[in-house]
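Accompanying notes for the structure given below.
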Amino acid sequence: MTDSRIQILAEDVVSKIAAGEVVERPASVVKELIENSIDAGASSIEVEVKAGGVELIRIADNGEGMSPAELKMACFPHATSKLREIQDLEKIGTLGFRGEALSSISSVSQMNIISAQKMSSNGVSLYIESGEILKSRPAARTQGTTVEVKNLFYNVPARRKFLKKESTELAEIVSVVSKFILAFPDVEIKLRQAERNLLHVPKKMKVLERIGAVLGRAAADHMTSMSNTNDVYEVMGYVSSPSFTRRDRRGQIFFINGRNVKSKVLSDAVYSAYASLLERGQHASAVLFLTVSPAKIDVNVHPAKMEVKFENEKEIKTFVKGAIRSCFDRLKSENSQNEEINSLLGQKTQATTEKVVREDSENQPEFIYNLNEFVQKKPFQKRPSSTSSWETPVFSADADIFQVALCYIVRIKQENIRIIDQHAAHERILYEFFSKVLKESPIESQKLLFPVRIDLTAKESVLMEKVIGQFNALGFSVELFGENSFIVQAVPAILKERDVKTVIMDILADLEERSYSKNELEDEFIKLTSCRSAIKAGDKLNREEMLSLLDQLASCELPFTCPHGRPTTLEIKPEELEKRFRRK
Ligand code: ADP
Ligand code: MG
């Protein structure tokens, strides 16, 4: 045991380490094993999974490896080479430190580890089942370690039952691997499921290119580098330009000393930097790498090490926010010709300087409130003056129907004034159409003259494979077209006027934010498709389009609300007007 760098932690140290479940799902196994490879100094890591990681997870690295004696030690609970005393935590430089991963994983799976060190001519292979070493034999391997985890939770049926669908577990694995891809740009990382390469980044690929591999090219193209340092903190990273936003928060990825963390403090900092630059439901992307002296943070607060505690939260928030704001200022002066950013930024600076003070003192993000104001103003700002419906006189004989604020249709029906929300109405129409058609297929498809190719990130593409059947049932024709790329050959005839790519991307983004059970998915998918392909606020409609919309609404079964329950129609009767004018 003395020649082993790996030792069992003393009882009193163990009791001070945040305990909890390390292995919740296949993605947590992948996370722990990649951490080990990185800690072993690997410059190349290959991950292969089968059946969403439940059947197999195999991770091979070219790190320093373990001696036969160390390997045997490594699988005991609380065996680690990274920590001896609790004080070591204050200067911990490795990702792991609890000595729990290998033992926990091996106790809920059938695990095989082969490891070899540089100088030894021979490696060794261990087979462990339910935490017990069953076989140990010499094995050939070049320097490094391969861990193979089979049949995860085979001996814990209750756990296995709670796993989500294969594609969901796989998506989670992709997300975990993506974080390492961003954090360790010098390491080659590969992820494969069965025969398919899901991710592959070579050594020394630039961070921005890696962001492209993870979040998509377009996102990376709209990000700008930022950095800042003071005596205590250092931050560098990439943030999205305020005009390029996402509908989800997936673009907000934070690392502290190389460790991917969820951090409310950091995401608050991002939102307050962008306060009022974003519309409601839109999110900025920010991939941030923070370096903080280990003494200023506590990494020992979460079993999966997904959270850290800052000694001074306010200080770090102000620091990060300031760094993003100065990046905007730089953008502004560099792109003085870029009116969009400028007007957004200009408008913002005045409106929120006083707000910032309040926000910090109340310790409460106020951006939500602020955003609402912005969104409410939006339709009026956006509306081109030449098509302004406010300015159109409406007293001519044929003005029995007109559009207001590019959002509402107003119709005089005998003595009543009817106001229809164009988006809600169209959503209802499409929802009923698709629901009906699904029952009475076949649905009418319209072949596209020019098939549309859609390139997705690995994560989106896993999701797409999950719902491709739903798309095709509604009359789309979507097919896999090579790695992470799909081709759309046809769309439901009723949607032939809409922009197919936007519709599909929006649906995927929405699906990604939530998870649905199989039963919910069908109806939810129809709702989403209806919502994402419906006419939007801001779309100009001509008289024919308005009349046809109202006609179709009238023949709906439940015309008065959209599928989410918001009203489609408001009716004002003369009695109401009398009341309002206090005639009565
Ligand atoms: P921890 O990472 O917290 O120390 P683990 O259970 O993950 O605990 O690993 C136990 C020990 O096994 C590590 O401290 C390390 O010395 C060794 N080890 C695990 N995986 C590898 C690997 N891929 N290459 C080299 N050594 C490893
Ligand atoms: Mg570990």
Side-chain angles (χ1 to χ4, degrees), residues 1-10 13-14 16-24 27-48 57-86 88-89 91-109 111-120 123-126 128 131 133 139 141-149 176-177 179-180 183-184 187-189 258-260 299-300 302-306:
M1 195 158 115
T2 40
D3 70 330
S4 168
R5 293 165 302 161
I6 305 180
Q7 292 189 16
I8 312 262
L9 289 174
V13 180
V14 170
K16 293 191 185 97
I17 287 182
E21 216 43 72
V22 182
V23 192
E24 268 174 43
S28 25
V29 173
V30 172
K31 172 173 183 280
E32 292 293 335
L33 295 182
I34 297 183
E35 285 191 351
N36 281 348
S37 299
I38 302 261
D39 285 345
S43 63
S44 171
I45 301 172
E46 266 188 65
V47 183
E48 191 188 334
I57 295 168
R58 181 190 293 122
I59 298 195
D61 68 46
N62 62 354
E64 61 182 352
M66 284 171 274
S67 72
E70 286 170 346
L71 182 51
K72 276 188 185 145
M73 282 298 291
C75 301
F76 282 104
H78 312 300
T80 180
S81 56
K82 302 168 194 172
L83 184 86
R84 288 279 173 274
E85 298 160 21
I86 198 75
D88 295 343
L89 259 188
K91 49 179 184 346
I92 199 88
T94 51
L95 294 168
F97 54 80
R98 297 205 175 105
E100 273 186 303
L102 289 183
S103 82
S104 312
I105 298 166
S106 72
S107 67
V108 292
S109 69
M111 185 159 114
N112 204 65
I113 312 186
I114 305 175
S115 195
Q117 287 182 310
K118 199 175 193 171
M119 291 312 186
S120 72
V124 60
S125 156
L126 284 193
I128 311 164
I133 300 180
R141 199 202 185 285
T142 52
Q143 183 195 330
T145 304
T146 304
V147 181
E148 227 175 50
V149 177
V176 161
V177 176
K179 309 290 161 53
F180 287 102
F184 298 95
V187 180
E188 173 182 28
I189 299 180
R259 193 189 299 281
N260 172 231
V299 291
N300 185 25
H302 187 268
K305 297 165 288 188
M306 274 307 291

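Remember, it's 1-based here, ligands and their atoms both numbered in the order they're listed.
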Below 4.0 angstrom from a heavy atom of [X], which ligand 1 atoms are there? Numbered from 1 as shown, please.
X      : value
Arg98  : 3 (O)
Gly96  : 2 (O), 3 (O)
Glu100 : 6 (O), 8 (O)
Phe97  : 3 (O)

How close does the nearest protein non-hydrogen atom get to [atom], and which residue and atom is it?
atom                    : value
atom 8 (O) of ligand 1  : Gly99 CA, 3.0 Å
atom 2 (O) of ligand 1  : Lys82 NZ, 2.7 Å
atom 22 (C) of ligand 1 : Thr145 OG1, 3.7 Å
atom 25 (C) of ligand 1 : Ala40 CB, 3.5 Å
atom 12 (O) of ligand 1 : Ala74 CB, 3.4 Å
atom 21 (C) of ligand 1 : Met66 CE, 3.7 Å

Heavy-atom side-chain proximity of [X] to [Y] below 4.5 angstrom:
X      : Y      : value
Thr142 : Asn62  : no
Glu188 : Ile45  : no
Arg58  : Thr146 : yes
Thr80  : Phe97  : no
Glu64  : Gln117 : no
Met73  : Leu71  : no
Ile34  : Val177 : yes

- Message: Using every non-hydrogen atom in the two residues, find where Lys82 and Asp39 come nearest and quote the distance to one decimal.
- Response: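 That would be NZ-OD2, 2.9 Å.
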- Message: Between Asp61 and Ser44, is there a side-chain donor-acceptor contact under 3.5 Å, judged purely by atom types and distance?
- Response: no
- Message: Less than 3.5 Å apart, any donor N or O on the side chain of Ser115 or Arg141 sitting next to an acceptor on the other?
- Response: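 Checked: Ser115/Arg141 side chains show no N/O donor-acceptor pair below 3.5 Å.
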Which bit of [X] gets closer than 4.0 Å to ligand 1, counting heavy atoms only: side chain, backbone, both or neither?
X      : answer
Ala79  : backbone
Asp61  : side chain
Ile6   : side chain
Ser81  : both
Glu64  : neither
Leu102 : both

- Task: Using non-hydrogen atoms of the residue, decide whether Gly63 is closer than 4.0 angstrom to ligand 1.
- Result: no
- Thr80 near the Mg ion (ligand 2) via N/O/S, less than 2.8 Å: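 No, Thr80 does not qualify, because none of its backbone or side-chain N, O or S atoms lies under 2.8 Å.
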- Query: Just one of Val147, Ile57, Ile59, Val176 clears the side chain to side chain contact (heavy atoms under 4.5 Å, CB included) bar with Val29, so which one?
  - Reply: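 It is Ile57; the other options fail the test.
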- Query: Is Glu70 salt-bridged to Arg5, going by a charged N under 4.0 Å from an acidic O?
  - Reply: yes
- Nitrogen or oxygen atoms of Ala101 and ligand 1 under 3.5 Å apart: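 Ala101 vs ligand 1: N/O contact under 3.5 Å present.
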- Item | Minimum non-hydrogen distance to atom 7 (O) of ligand 1, winning option of Ile34, Thr80, Asn36 | Asn36
